[in-house]
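Naming: A, B, ... by sequence-line order, numbering from 1 per chain.
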Amino acid sequence: METRDENLSAMCRPAVGEAGRTGDWRDATPVIDYTKCIASLKNRPACYLCWLYCPEGVVIAGVPVQIDLDYCKGCGICAEECPAKAITMVLQKEAKP
Amino acid sequence: MSAVQILTGNQAAATAVKLCDVQVISAYPITPSTSLTEMLAEWIEKGELKAEYVRVESEHSVMTVCVSASSVGARVFTSTSSHGLLYMHEQLHWAAGSRLPIVTCVINRGVGAPWSIFNDQQDSISQRDTGWIQIYCRDNQEILDSVIQAYRIAEEVYCPVMVCYDGFVLSHTMMPVEIPEAEKVKNFLPPYKPHTILSPEEPLNINPVILPTQRRDAQGVLRDGYMEFRWKLQHALEGSRDVIVEVNRQFADLFGRDHGGMLWGYRTDDAEVYLVGIGSLATEATMAADMLREEGIHAGVVGIRVYRPFPREEIRNVLKNAPAIVIFEKDISYGYEGALSADVKAALYGTGISAPVHNYIAGLGGRDVKAAELAEAVRSSLAAVAGGVMERQTWLNCVTE
Ligand code: SF4
Ligand code: SF4
């Protein structure tokens with residue numbers, strides 16, 4: 001017989017998630033086209049609206065701009081806000097890991 | 001050496017908190033609870049009480065602080081009244097669901113609208129379904145003793161406890177109170193051991209979103225679902241009766257004062273009518289019983305000390321031969337009847353006890369209730385019972401038409 005859950009209240013240990021550090025809830029992945037991104041074009045810190053708007057704070061404002069896909073939830077706000085239309089949301093199953 | 005001091009109810013409660021070596025206190029002032037935490041704050045400021053006092057902007061945050069501090073192993077205390085308690089409501093559920101032995105004094109006061117700062121028990125009675133144990137006190141000595149007992153009970157069954165007492169009637173009224181020796185209290189109350197030890201080496205996610213069914217965790221252990229945890233809380237409260245009675249017994253052995261465990265009786269042996277009440281109203285009823293006995297009516301009193309868990313068996317036992325039951329209470333479950341009355345009747349269901357039960361709603365918002373008025377209510381109920389009236393709800397001293 002299975003032993004009972006001895007915890008008096010609900011709790012769990014941090015563990016490897018279904019997608020590594022997190023769950024696998026992201027449906028679409030932001031992919032940046034560096035031939036359009038203003039920061040890359042000017043080759044210096046510029047624009048960074050994606051960094052400003054990302055609700056998860058996972059955009060790394062460098063040259064080039066990068067996104068920490070371990071924590072990106074795929075909301076697409078960065079793509080929506082990008083003035084250069086440099087970010088495309090690619091469906092998870094089509095995105096390269 | 002224990003010493004007798006003349007204390008208000010709030011001073012008695014504060015003295016108990018100090019004796020219990022509470023480590024974290026958070027509170028937001030609200031009449032009539034304010035002077036209790038003012039006293040604690042003063043002791044902390046003077047260095048007489050080695051505790052952390054966390055100031056916050058609301059009672060909701062007060063209970064959040066208590067939940068956090070208790071989770072990491074601190075013995076915590078707060079007190080509040082009326083709207084403060086209502087504002088805490090959501091976090092009261094969190095405290096109980098997290099199985100944290102937080103002790104809170106509720107200094108009973110009516111709730112708005114309209115505004116009232118005066119006493120009734122609507123505030124705490126309306127929190128009865130939050131999973132907290134509720135103890136109600138009769139006098140200032142019982143307040144001091146019950147706070148000490150509350151920590152023992154809470155830390156043994158891992159459920160939070162409210163120690164409730166009537167605003168102004170007890171909180172601001174002075175009475176002689178025996179202060180137990182600190183050393184004796186220490187022996188009675190061992191240090192708090194949290195049910196879960198939190199440490200940076202072994203991080204835990206506390207109270208994650210939980211699914212309706214049981215589910216295996218990442219380590220492969222089958223973890224309880226929502227209902228299993230809620231059952232554990234219900235099981236703990238039902239089981240806490242034995243602990244409450246045993247703690248009361250041990251306290252009586254050690255300190256010489258027996259407050260009755262789940263409930264107490266007064267002149268119940270040969271009673272032909274039972275007056276039932278909670279808190280200071282039940283004390284008032286003992287005077288009414290004496291008056292009635294002087295005129296040959298054998299009246300007895302049952303005081304509910306613990307309202308949750310409800311003293312189901314004790315009620316059945318004490319009322320098993322009751323010819324008539326009159327319940328006085330300072331609360332109302334709107335659209336039905338007094339909460340205590342409904343609960344007493346439910347406890348009697350199926351036992352064969354079919355005594356008439358008359359319910360008096362009294363003293364709401366501080367309306368004065370005199371012993372003579374309680375006695376008159378009993379006389380009137382007995383006359384109605386003789387006429388075959390089994391059930392009746394009356395608002396005492398209230399213009400109703
Ligand atoms: S998709 Fe959303 S979360 Fe991911 S980088 Fe863009 S804004 Fe941030
Ligand atoms: S918002 Fe678009 S253009 Fe601006 S930095 Fe981000 S990716 Fe580049």
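When all heavy atoms of B:Met63 and B:Trp132 are compared, the pair lying nearest together is CE-CH2, 3.7 Å. The minimum heavy-atom distance linking A:Val59 with A:Trp51 is given by the pair O-CD1, 3.2 Å.
With respect to chain A, the highest number of heavy-atom pairs below 4.5 Å among B:Arg223, B:Glu228, B:Gln214 belongs to B:Arg223.
Neither the backbone nor the side chain of B:Asp217 comes within less than 4.5 Å of any heavy atom of chain A. B:Gln219 touches chain A through its side chain: at least one heavy atom from C-beta onward sits under 4.5 Å away, while N, CA, C and O do not. For chain A, the nearby part of B:Ile210 is the side chain; its heavy atoms alone come within less than 4.5 Å.
The NZ atom of A:Lys42 sits 11.0 Å away from atom SG of A:Cys37, with the distance rounded to the nearest 0.5 Å.
A side chain to side chain contact (heavy atoms under 4.5 Å, CB included) with B:Ile133 holds for exactly one of B:Val161, B:Val243, B:Val103, B:Val163; it is B:Val161.
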